[in-house]
Amino acid sequence: MKTITLSTLVLALSIAACGPGAKLLDFDFSEETVGQRGAVSFSTHEGASCLFGCGVTAPLAVGAVDVIAVRPHTAETGLSLVSSDPAVLGATVETSFTCCSGEGESKRCVALGVGSACSGAKESVYRVVTSAKGPGSAYLRVLHADGSELDQVRIAIAVPTSVRLEEADDKEVPAAGLSRKLGSQGYYNVRMLDANGVHMRAPGLTLVRSSDVSIVAIVPALSTVNSDSGGQTGGLHALKAGFAQITVVGGAPVTVTVTP
């Protein structure tokens, strides 16, 4: 797992914001999944590992809530989005509008408020709030206004069969626990795998808790650019001398000892 400090992240974002079209450190971390018909792209920014965008092929843990951006390759209004199996995957559509001008790389779009006029091309923006309700798979279907299908993408949902707490550099936290100096800050990653050994995502779920936040505070953070892991990442802050248990959903608790 690649980790960066919060200050480094802020600096990188500042560099990225220095001018129109500037890229974060000249890298493109964004990913998306193209639908089965090749007509729509699906992506998400939910979770620390998806700061720069992820596709939607990674299995979701049961209980997760993901927000998926749906981008038709040809602009189209009046689309609807439905789940092929609402008992497995819930889907609620949120539609907004943009006003666009130009073509190709010079195309620019701005958010369009309710009742606002658009001198260019008015385009729909689709977001779907999906809820992982039960194990299995379902298709998120994109339908034309007449009800015919434009495209679809398969969303897999499972109960994790392997959950482990890691420190930086993919080092598993030992069962004997951790020892930290007062005032120190460390990083953690929760790695979740399904029955096939595939990395899972769990946006919207709190995976790590501290038995005493006055001793060890859990601070979920945007500290990874490794979208392959799909893990929930953050910081362990040693605030006061003593003992605290770190509990990971689906995993064994770990004792953290904070020394002066």
Side-chain angles (χ1 to χ4, degrees), residues 1-17 24-25 27 29-30 44-54 58 60-67 129 131-132 160 162-193 199-260:
M1 180 181 69
K2 299 176 183 178
T3 58
I4 56 178
T5 64
L6 183 58
S7 58
T8 303
L9 177 62
V10 171
L11 175 61
L13 291 175
S14 299
I15 294 172
L24 178 63
L25 302 182
F27 288 95
F29 295 106
S30 63
T44 179
H45 289 269
E46 296 297 305
S49 61
C50 294
L51 172 64
F52 303 102
C54 286
L60 292 175
V62 172
V65 176
D66 204 8
V67 180
V129 179
S131 52
S162 173
V163 180
R164 79 178 202 177
L165 183 65
E166 299 175 339
E167 298 180 85
D169 302 320
D170 302 333
K171 180 182 178 182
E172 185 171 9
V173 172
L178 298 170
S179 180
R180 290 287 183 265
K181 286 288 188 180
L182 180 63
S184 65
Q185 298 183 12
Y187 292 96
Y188 73 84
N189 183 63
V190 180
R191 186 181 298 271
M192 307 173 66
L193 304 178
H199 293 291
M200 303 182 65
R201 296 179 57 248
L205 290 179
T206 299
L207 301 181
V208 184
R209 298 182 184 276
S210 171
S211 64
D212 192 334
V213 295
S214 69
I215 295 176
V216 178
I218 305 294
V219 184
L222 302 175
S223 57
T224 177
V225 294
N226 183 1
S227 60
D228 293 331
S229 73
Q232 189 176 95
T233 304
L236 298 175
H237 294 193
L239 303 179
K240 186 173 70 175
F243 303 89
Q245 274 203 329
I246 304 302
T247 304
V248 182
V249 173
V254 173
T255 299
V256 179
T257 303
V258 179
T259 59

Novice: Quick check: does any side chain N or O of Thr44 sit under 3.5 Å from a backbone N or O of Val67, one acting as donor and the other as acceptor?
Specialist: yes
Novice: Where is the tightest heavy-atom contact between Val208 and Ile218, given as atom of each residue plus distance?
Specialist: CG1-CD1, 3.8 Å
Novice: Distance from Tyr188 atom OH to Thr233 atom OG1, nearest 0.5 Å?
Specialist: 7.5 Å
Novice: Compare every heavy atom of Arg191 with every heavy atom of His199, then report the nearest pair and how far apart it is.
Specialist: CE1-NH1, 2.7 Å
Novice: For Val216, run the side-chain contact (heavy atoms from CB on, under 4.5 Å) check against Leu239, Thr257, Val256 and tell me which one passes.
Specialist: Val256
Novice: Would you compute the distance between atom OG1 of Thr247 and atom CZ of Arg209 and round it to the nearest 0.5 angstrom?
Specialist: 9.0 Å
Novice: Do you know which two heavy atoms are closest between Ala61 and Pro160, and how far apart they sit?
Specialist: CB-CG, 4.2 Å
Novice: Asp66 and Arg201: which non-hydrogen atoms are nearest, and at how many Å?
Specialist: OD2-NH1, 3.0 Å
Novice: Tell me the closest heavy-atom pair linking Leu207 and Met192, and the distance in Å.
Specialist: CD1-SD, 3.6 Å
Novice: To check you understand the geometry: which heavy-atom pair defines the closest contact between Ala132 and Leu60, and what is its length?
Specialist: CB-CB, 4.2 Å
Novice: Taking it one step at a time, do Leu205 and Val249 satisfy side chain to side chain contact (heavy atoms under 4.5 Å, CB included)?
Specialist: CA-CA 9 Å; Leu205 290 179; Val249 173; over 6 Å; no
Novice: If you look only at distance, which donor and acceptor atoms sit under 3.5 Å apart when one is on a side chain in residues 172-184 and the other is two or more places apart or in another chain?
Specialist:
{"from": "Glu172", "atom 1": "OE1", "to": "Arg164", "atom 2": "NH1", "distance (Å)": "3.3"}
{"from": "Arg180", "atom 1": "NH2", "to": "Glu167", "atom 2": "OE1", "distance (Å)": "2.5"}
{"from": "Ser184", "atom 1": "OG", "to": "Lys181", "atom 2": "O", "distance (Å)": "2.7"}

